[in-house]
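Along the sequence shown, residues carry numbers from 1.
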Amino acid sequence: MATLQFTFIDSTSLIRPSLHSSRTFPRNRSLLIKASSSSSSSDDISRSRRRFLAETAAISLSLPHFPARAEDTLSEWERVYLPIDPGVVLLDIAFVPDDPNHGFLLGTRQTILETKDGGNTWAPRSIPSAEDEDFNYRFNSISFKGKEGWIVGKPAILLYTANAGESWERIPLSAELPGDMVYIKATGEKSAEMVTDEGAIYVTANRGYNWRAAVQETVSATLNRTVSSGISGASYYTGTFNTVNRSPDGRYVAVSSRGNFYLTWEPGQPFWQPHNRAVARRIQNMGWRADGGLWLLVRGGGLYLSKGTGLTEEFEEVPVQSRGFGILDVGYRSTDEAWAAGGSGILLRTTNGGQSWIRDKAADNIAANLYSVKFIDDKKGFVLGNDGVLLRYLG
């Protein structure tokens, strides 16, 4: 196996969104029954009580009865219960293109789950090459192209499969890796693209034996050169991304760890391009719409859409019913339909490309933050959250 070599830069941890919110529940109402008058005899009261109970029982028997359920059926989503420990945060999901029923689910605490029925049921998957050392891996990203698949995690680990995940091979990595690997994309036969939270982008065309740098420097180095160009907050940059998202045509958008500016990169560019945020509040996450434009989420629940479909710094706010909870991710099912998810089980839906959003109460009774919305295709989608919460799209 080949060893991937990098230029050393001090690494820092990828910051995950942290929400502190509470849910308010209505108080239970008590039924108060008073005696009709102080002069009523005890026999009258006793007869009245017996009559009341008999009438109540008769009414109850005349009403239709429904089986009790622990949890109401979700409108367009259903919860899939997973065989994992409480506290696990789910981070990514992917399916084998040649077998759409076969998929993998990743998370913290060395969590890898496998399904062979399209995501209805999941079972823990053991990968010996990821259990050789005494590490509790956080598996951040997974991607398939044909039967070839890749997984990256923290501490630095890279796994590769050539047989749709039946077996996984560990690719050795240099200890001088600049940052933590947070994203990987299978791009072709024996080819992949890997990103670290310090802005390093590497590509391979020989199943990971050799890697080539796609950018000439990390984001910290870029900002040190361009801080005088007017990027607000660059002097406070800690050197890591908060989030990074890739478009289908290979463009990237990333949010700085403090949320005070964002960066973009297109294939062929030697450096990341920093941008001032166009909104007052700090950025939570950014990503690509189905039409090629950008969506932008700010802390506190705000949602913005870029003007047009190309890269631009002009955004317009869209009203959303976030109830004050942060929105953490957006996933497009089609050009018109998308779903947004966030803190305290918030779910929002648009059917006009994001111009207006309607709150869906599907997950109101689920006490979890929903971090990620993933649509595999227009019929298969999932929402990933903390405490092992997984929602499956019913459509």
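Between E148 and K190 there is no salt bridge, since no side-chain N of the basic residue sits under 4.0 Å from a carboxylate O of the acidic one. Salt bridge absent: K374 and D329 never bring a charged side-chain N and a carboxylate O closer than 4.0 Å. Taking 4.0 Å as the cut-off between side-chain N and carboxylate O, R359 and D364 count as a salt-bridged pair. Between R207 and E169, at least one side-chain nitrogen of the basic residue sits less than 4.0 Å from a carboxylate oxygen of the acidic one, meeting the salt-bridge criterion. One finds a salt bridge joining K154 and D180 here, because a Lys/Arg side-chain nitrogen approaches an Asp/Glu carboxylate oxygen to under 4.0 Å.
Side-chain contact, N352 with T350: a donor N or O sits under 3.5 Å from an acceptor N or O. A side-chain N or O of N120 and one of R392 form a donor-acceptor pair less than 3.5 Å apart. Using modelled atom types, one finds no donor on one side chain facing an acceptor on the other under 3.5 Å when comparing N210 with R212.
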For the pair T115 and D117, evaluate side-chain hydrogen bond (donor to acceptor under 3.5 Å, both in side chains) and give the outcome as yes or no after the intermediate values. CA-CA 6 Å; T115 181; D117 59 8; 2.7 Å; yes
Audit row: E193, R246, salt bridge (Lys or Arg N to Asp or Glu O under 4.0 Å) steps and yes/no: CA-CA 10 Å; E193 196 169 85; R246 185 184 190 274; 2.9 Å; yes
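Of all heavy-atom pairs between A290 and T335, the closest is CB-CA, 3.6 Å. Residues Y209 and N206 share a closest heavy-atom pair of CD1-O, 3.0 Å. The shortest non-hydrogen separation linking G302 to E317 is CA-OE2, 4.5 Å. For S256 against N242, the heavy-atom pair with the smallest separation is O-CB, 3.6 Å. Nearest heavy atom pair, residue A200 against residue Y202, reads CB-CE1, 3.5 Å. When every heavy atom of G146 is checked against every heavy atom of P97, the shortest pair comes out as O-CD, 3.2 Å.
In this structure, W357 shares a hydrophobic cluster with W295, L297, L303, L305, V318, V320, I327, V330, Y332, I346, L348, the cluster being traced through Ile, Leu, Val, Met, Phe, Trp and Tyr side chains under 4.5 angstrom apart.
Residue E266 places its CD atom among more than 12 non-hydrogen atoms of other residues, nucleotides or ligands, all under 6.0 Å distant.
With F382 as the partner, the ring-ring contact (aromatic ring centres under 6.0 Å, His included) test is satisfied by one option alone out of F95, W339, W77: F95.
Annotation: side chain to side chain donor-acceptor pair (under 3.5 Å) contacts involving residues 375-389, sequence neighbours excluded, are absent.
Although no hydrogens or angles enter the test, the distance criterion places a donor-acceptor pair under 3.5 Å between the side chain of S141 and the main chain of I184.
For Y262, the ring pair (Phe, Tyr, Trp, His ring centres under 6.0 Å) partners at least two apart in sequence or on another chain are H275.
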